Number of protein chains: 2
Amino acid sequence: MKDLKTKHDCKKELRDVFLKSTPARIGILEALEKTNKPLDVASLIIYLKEKSIKVDNVTVFRIVNILLEKGLITPIQLGEGKFRYEHISKSDHHHFICEKCNKIEDISNCNIDILEKNIQKKKGIIIKRHSLEFFGICQNCQN
Amino acid sequence: MKDLKTKHDCKKELRDVFLKSTPARIGILEALEKTNKPLDVASLIIYLKEKSIKVDNVTVFRIVNILLEKGLITPIQLGEGKFRYEHISKSDHHHFICEKCNKIEDISNCNIDILEKNIQKKKGIIIKRHSLEFFGICQNCQN
DNA sequence: TAGTATATGCAATTAGATTGCATTTGTCAA
DNA sequence: TTGACAAATGCAATCTAATTGCATATACTA
């Protein structure tokens, strides 16, 4: 499968939110756009190392935070005591986590949106985002 | 308002899951049953101190973990980098977190259950629990 | 009430994440 | 193309949440 985004696309993405393009930032965006499951900081560091992009761990945390601020990525918490992150372009789904094997599956077509609109109207609040995760036992682990 | 649960009830609750009744455990269950918002370990420690129940922090972490195992409480993550906990008897709702003032509001009557059953059938997975949180701006902070 | 399994306290340690400050680097204007 | 400057990074230290090992204390059963 061909990469959906190129280095050039990542640069544009960064420029659009007034961030300088650095190897670490491009690498992190690439990682999150390529990978199908939400990544934690440790995984990002490994990815960068594999690509021979030298970065300090602190910098990865800082980059992740600024990408969050700019709305390019979203945070995901799967009950692990740490954050994972997903590129905004693939955040239109939710997650199922198997409590036995820790596999993460995507759950699509949850029309929470309708529910969300009702809640906003009823409560007078503005909902910017939501997080929905399902925990249980996957098909493989049921045997 | 009268307390819904007494110390005696907490003891029974513990006995039912084969746990010894200790002051710390009873205090923690009380705290979680009384309070209307999910509590983190730090809050539990403060609660116990106020009740003059002397416990080490480690013990609170350990108690929380065993209560989770036994299914008496559920974990909640509100994007803070730490866990909060809610008593199982009041876990039938979801949460809205204001990104400005950090207020936590309860959201009820989300019939996720129907959705959940559909997903289970379609995917062949067993869903044991889910977590649903909404993030945005509360009514007060909109001005 | 004594015996025993269980729970707790204390000290040390780990992992995730943040901060301050000095240095380096990307970008834009000339 | 280059130089200037704001922005980004590296390094060291620090913080908070959470866990572990081991010795001691406590709750519960017989």
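Note that the structure is a prediction, hence the values are computed from the model and not measured. A note on names: the letters A, B, ... follow the listed sequences, proteins ahead of strands, and every chain is numbered from 1.
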Mind calculating the distance between [atom1] ([X]) and [atom2] ([N]) to the nearest angstrom?
| X | N | atom1 | atom2 | result |
| --- | --- | --- | --- | --- |
| A:Glu80 | D:dA18 | CD | P | 14 Å |
| B:Leu19 | D:dA27 | CG | P | 14 Å |
| B:Asn57 | D:dC15 | CG | C1' | 15 Å |
| B:Ile45 | C:dG9 | CD1 | C1' | 13 Å |
| A:Phe18 | D:dA6 | CZ | C1' | 15 Å |

Could you check, using the six-membered ring where one of them is a Trp, whether B:His130 and B:His94 have ring centers closer than 6.0 angstrom?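 Centroid separation for B:His130 and B:His94: below 6.0 Å.
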With a 4.0 Å cutoff (strictly under), does any side-chain N or O of B:Asn65 reach OP1 or OP2 of D:dA18? no
Salt bridge check: are B:Glu105 and B:Lys103 linked by an N-O gap of less than 4.0 Å?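 Yes.
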Below 4.0 angstrom, N of the basic side chain to O of the carboxylate: do A:Lys12 and A:Asp16 qualify? yes
Could I get a table of every N or O pair under 3.5 Å where one atom is in the protein and the other is in nucleotides 20-23 of chain D?
unit_1: D:dG21; atom_1: O6; unit_2: B:Arg62; atom_2: NH1; d: 3.3
unit_1: D:dG21; atom_1: O6; unit_2: B:Arg62; atom_2: NH2; d: 3.3

Kindly give the atom pairs (protein nitrogen or oxygen, nucleotide nitrogen or oxygen) under 3.5 Å for nucleotides 24-26 of chain C.
unit_1: C:dG26; atom_1: O3'; unit_2: A:Ser21; atom_2: O; d: 3.4

Give the nucleotide from the list D:dA8, D:dA18, C:dA17 with an atom nearest to the side chain of A:Lys82.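 Looking only at side-chain atoms, A:Lys82 lies closest to C:dA17.
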Of the listed nucleotides (C:dG16, C:dG9, D:dA18), which one gets closest to any side-chain atom of B:Asp56?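 Side chain of B:Asp56 sits closest to C:dG9.
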Please tell me which of B:Gly81 and B:Val55 maps to the more 5' nucleotide of DNA chain C, matching each residue to the nucleotide holding its nearest heavy atom. B:Val55
State whether the number of non-hydrogen atoms from other residues, nucleotides or ligands found under 6.0 Å of A:Lys117 atom NZ is greater than 12.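 Check fails, neighbour count at 12 or below.
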All pairs passing ring pair (Phe, Tyr, Trp, His ring centres under 6.0 Å) where residues 41-80 of chain A contributes a residue, at least two apart: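 Those involving residues 41-80 of chain A do not exist here.
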Does a side chain donor of either B:Glu30 or B:His87 reach within less than 3.5 Å of an acceptor in the other side chain?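 No - no donor-acceptor pair under 3.5 Å links their side chains.
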Modelled atom types, side-chain donor and acceptor of B:Thr59 and B:Asp56, under 3.5 Å: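 Looking only at side-chain atoms, B:Asp56 and B:Thr59 do not form any donor-acceptor pair under 3.5 Å.
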Looking at side-chain heavy atoms only, is the closest gap between A:Thr74 and A:Tyr85 below 4.5 Å? no
